[in-house]
Amino acid sequence: MIKDWTKQEILDIYNTPLLELISKAAEVHKQYHKIGEVQVSSLLSIKTGGCPEDCSYCPQAARYNTEVKVHKLMDVAEVSACADNAKKGGASRMCLGAAWREVRDNKDFDKVLDMVKTINGKGLEVCATLGMVTEEQAKKLAEAGLYAYNHNIDTSKENYDKIISTRTFDDRLDTIKNVRKAGLTVCSGGIIGMGESAEDRIGMLYTLSILRPQPESVPINALVAVEGTPMEDQPPVPIWDMVRMIATARIVLPKTAVRLSAGRLTMSMEGQALCFMAGANSIFAGDKLLTTPNPKYNEDMEMFKILGLSPKKAFADKTVEEEISH
Ligand code: SAM
Ligand code: DTB
Ligand code: SF4
């Protein structure tokens, strides 16, 4: 049984002396996961920029003057070729991202369903992050073979309207519910480094921790401060905050894959090693996230060698029968 954590308990964990915190998180990690096994996802922006939302961290919002070039939805053949490359590179999961407020029932959605079928047919887990979805749309994605849906809550309920005004925290939770009802696995996390307080970080982890079932995957992103966005001048997140956040997530979400997500480019290998020790067991690999750079693939593989990490195989959490039916 997963414990029901209170906000105060989570705050106390977050404020534990750092080495004690890492050690406690590592113990939980050992209990529920294979040490050194890291799930590697590849990210692809299938529709870039021009988004009507006002998420103040995001370079893809149409209203901010950033260098992101708008690109309409990619063709299925192009996406298929990218999936082949990702597979060759050792990724077990491919995550498709679209700069949409929500999914609409139109030709573009049919195209995305085709992409999901095609990539799933190659033996890769497919994940998508397309904005808000209804239960029916989530079901269609599930039928096409989608493995997981990413929909971040980003910050605490209290801080949400300071970051985004074009939708509410409850809109996000509704989509997460729809995704669950469709039988998809849930990937939901957030961002640190947007000027939020420690209480906001804890509030975010609290909301994730009380979901039942808890999300299978929780990405912890360090803000990538992009010129032209309202967050352009935010100071970088101290690595110690990232380690604390990951360790706390590991303790309150014991079975979840905790993803050391955006922001790795400016982290040292030693810093990332501490994150892995503190329970991170998933990353995005590949030279690009959606629109911003990520560490070079070869450098990541060098890091894996040095730290003794190995990429997790696709569908490792599913039963054989389930895998065959895909
Ligand atoms: N439009 C869809 C949505 O918002 O759900 C999907 C794509 S959106 C880019 C996915 C997530 O990327 C956001 O929820 C946010 O957590 C993360 N993200 C976007 N810009 C970021 C940045 N500059 N730094 C860190 N994370 C970022
Ligand atoms: C998530 O939590 N982080 C990824 C993924 N889910 C879609 C996106 C990070 C985006 C960073 C900014 C960019 O490259 O545009
Ligand atoms: Fe649009 Fe998603 Fe960026 Fe918000 S985070 S502006 S919804 S692409």
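Worth knowing before you read on, the calculation uses all heavy atoms, side chains too, and leaves out hydrogens, waters and symmetry mates. Remember, it's 1-based here, ligands and their atoms both numbered in the order they're listed. One-based numbering along the sequence shown.
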Seminar exercise, completed: Atoms of ligand 3 under 4.0 Å from any heavy atom of Y57, numbered from 1 in the order shown, are 5 (S)
Of the listed options [options], closest to [atom] (non-hydrogen atoms):
atom                    : options              : answer
atom 2 (C) of ligand 1  : A262, G131, S188     : G131
atom 27 (C) of ligand 1 : L223, I163, I191     : I191
atom 4 (O) of ligand 1  : R172, K47, Q60, M132 : R172
atom 6 (S) of ligand 3  : G97, C55, A99        : C55

Seminar exercise, completed: Taking only non-hydrogen atoms of W100 and a 4.0 Å limit, the atoms of ligand 1 in range are 1 (N), 2 (C)
Exercise. Of all the atoms in ligand 1, which lie at a distance below 4.0 Å from a heavy atom belonging to A98?
Worked result: 1 (N), 2 (C), 6 (C), 7 (C)
For [atom], which protein heavy atom lies nearest, and how many Å away is it?
atom                    : answer
atom 8 (C) of ligand 2  : L290 CD1, 3.9 Å
atom 20 (N) of ligand 1 : Y57 CD1, 3.4 Å
atom 4 (C) of ligand 2  : F284 CE1, 3.6 Å
atom 6 (C) of ligand 1  : T129 OG1, 3.1 Å
atom 1 (Fe) of ligand 3 : C51 SG, 2.3 Å
atom 12 (C) of ligand 2 : T292 OG1, 3.6 Å
atom 11 (C) of ligand 1 : N152 ND2, 3.7 Å
atom 24 (N) of ligand 1 : V224 N, 3.0 Å
atom 6 (N) of ligand 2  : N150 OD1, 3.5 Å
atom 16 (O) of ligand 1 : D154 OD1, 2.6 Å

Problem set entry | Heteroatom proximity flag, N150 to ligand 1, N/O under 3.5 Å | no
For this session: Give a yes/no answer: is there an N/O/S atom of C58 under 2.8 Å from atom 1 (Fe) of ligand 3?
Result: no
Exercise. Among the heavy atoms of G263, does any lie under 4.0 Å from an atom of ligand 1?
Worked result: no
Per-atom contacts, ligand 2 versus [X] - under 4.0 Å to a heavy atom:
X    : value
T129 : 7 (C)
N221 : 1 (C), 2 (O), 3 (N)
T291 : 13 (C), 14 (O), 15 (O)
N152 : 1 (C), 2 (O)
P219 : 2 (O)
S261 : 1 (C), 2 (O), 3 (N)

For this session: May I ask you to identify, for R63, whether its side chain, its backbone, both or neither come under 4.0 Å of ligand 3 on a heavy-atom basis?
Result: neither
With a 4.0 Å cut-off, would you call [X] and [Y] a salt bridge?
X    : Y    : result
K139 : E135 : yes
E20  : K24  : yes
R167 : D174 : no

Is the number of heavy atoms from other residues, nucleotides or ligands within 6.0 Å of [atom1] ([X]) greater than 12?
X    : atom1 : result
K107 : NZ    : no
E227 : CD    : no
M277 : CE    : no
K122 : NZ    : yes

Would you say [X]'s side chain and [Y]'s backbone share a donor-acceptor pair under 3.5 angstrom?
X    : Y    : value
D108 : L73  : no
T229 : A225 : no
E232 : G228 : yes
R250 : T256 : yes
N152 : G190 : no
N294 : G286 : yes
S56  : M231 : no

Seminar exercise, completed: Value for CD1 (I192) from CG (N221), rounded to nearest 0.5 Å, stands at 9.5 Å
Problem set entry | Residue pair K111 / D75: nearest heavy atoms and the distance that separates them | NZ-OD1, 3.2 Å
Problem set entry | Closest approach of M74 to M115 (non-hydrogen atoms, all atoms of both residues) | O-CE, 3.2 Å
For this session: Would you please determine whether Y57 falls within less than 4.0 Å of ligand 2 on a heavy-atom basis?
Result: no
Exercise. Short check: is a protein heavy atom less than 4.0 Å from atom 8 (S) of ligand 1?
Worked result: no
